[in-house]
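Have a look at the structure below before the remarks.
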Amino acid sequence: MGLLAIGSCLIVANKRTMVPFRSYFLLSISMDPSALNNPQLQQLINQEKERAMANEMIAKLTSACWDKCITGTPGSKFSSSESNCLSNCAQRYMDMSMMIVKRDKDTFHMLTRFTREAKQN
Amino acid sequence: MDSFSSPSSSSSSPQMSTEDFMDQLKVQLAQAYAEEFLETVRGKCFEKCITKPGSSLSGGESSCISRCVDRYIEATGIISRALFNAR
């Protein structure tokens, strides 16, 4: 029953094209209780989930870095400054991410406390 | 998120095997990814290449679009290598 239900979900979900559809889709599938009864399936789904999340991150970053680095009209190849910019862009984004989590972990704790308290009220 | 909730069970159809399910999942993921990618590329290249829309696509605009798509695909590769190789 579970797999059949998931199969129908697949057909419906295909009509959606909004970002970030893939993450929501895979998350919702992996939360289906009938899927959790099948550990092999669960593991395969989790692998696809990770792959999808990585692809989404790449897509998002490419979009943002393209805007930052490719300022003129696209040529027949990237100049070295453009390709360096793209590469740096991705790495600086990761640096920034880590910095935000580390430096502001106190802010994060506060935030999660507030949201938790708000939920209780 | 109604579309994602399981429909009420029914049917006399046979169960899908895990393999069939995963195949279907991968195909649909790939399709969704391709749609998203195309949508992004359309947006970016329209922005870069069609600066003043005329009554038809000029040759310059066409070749710009063609280069733009190639460059965007190349950019995706650069970013993905930067993220997943240089750790």
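Small disclaimer: the values here were computed from a predicted structure and weren't measured. Chain letters run A, B, ... following the sequence lines, proteins first, then strands; residues in each count from 1.
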Set of salt bridge (Lys or Arg N to Asp or Glu O under 4.0 Å) partners for Glu117(A), sequence neighbours left out: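 With sequence neighbours excluded, Glu117(A) shows a salt bridge (Lys or Arg N to Asp or Glu O under 4.0 Å) to Arg113(A), given in chain and number order.
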
Chi angles and distances behind the side-chain contact (heavy atoms from CB on, under 4.5 Å) call for Thr40(B), Lys44(B): CA-CA 6 Å; Thr40(B) 309; Lys44(B) 301 298 184 193; 4.2 Å; yes

Part of Phe37(B) within contact of chain A (heavy atom distance under 4.5 Å):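 Neither; nothing under 4.5 Å.
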
side-chain contact (heavy atoms from CB on, under 4.5 Å) between Ile73(B) and Val69(B), intermediate numbers included: CA-CA 6 Å; Ile73(B) 293 171; Val69(B) 175; 4.0 Å; yes

Contacts of residues 80-89 of chain A with chain B (heavy atom under 4.5 Å):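 Heavy-atom contacts from residues 80-89 of chain A to chain B are Ser83(A), Leu86(A), Ser87(A).
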
Derivation and outcome, side-chain contact (heavy atoms from CB on, under 4.5 Å), residues Phe21(B) and Leu44(A): CA-CA 10 Å; Phe21(B) 172 77; Leu44(A) 289 173; over 6 Å; no

Interface residue of largest heavy-atom contact number with chain A, from Arg67(B), Lys26(B), Glu74(B), under 4.5 Å: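 Counting heavy-atom pairs under 4.5 Å, the top option is Arg67(B).
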
List the atom pairs, with distances to 0.1 Å, where a side-chain N or O of residues 46-56 of chain B and a protein N or O form a donor-acceptor pair under 3.5 Å, not counting sequence neighbours.
{"unit_1": "Lys48(B)", "atom_1": "NZ", "unit_2": "Ile70(A)", "atom_2": "O", "d": "2.3"}
{"unit_1": "Lys48(B)", "atom_1": "NZ", "unit_2": "Thr71(A)", "atom_2": "O", "d": "3.4"}

Donor-acceptor list for residues 93-100 of chain A side chains, cut-off 3.5 Å, not counting sequence neighbours:
{"unit_1": "Asp95(A)", "atom_1": "OD2", "unit_2": "Arg92(A)", "atom_2": "NE", "d": "2.9"}
{"unit_1": "Asp95(A)", "atom_1": "OD2", "unit_2": "Arg92(A)", "atom_2": "NH2", "d": "2.9"}

Minimal non-hydrogen separation, Pro74(A) against Trp66(A), with atom names: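 Taking every non-hydrogen atom into account, CG-CZ2, 4.3 Å.
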
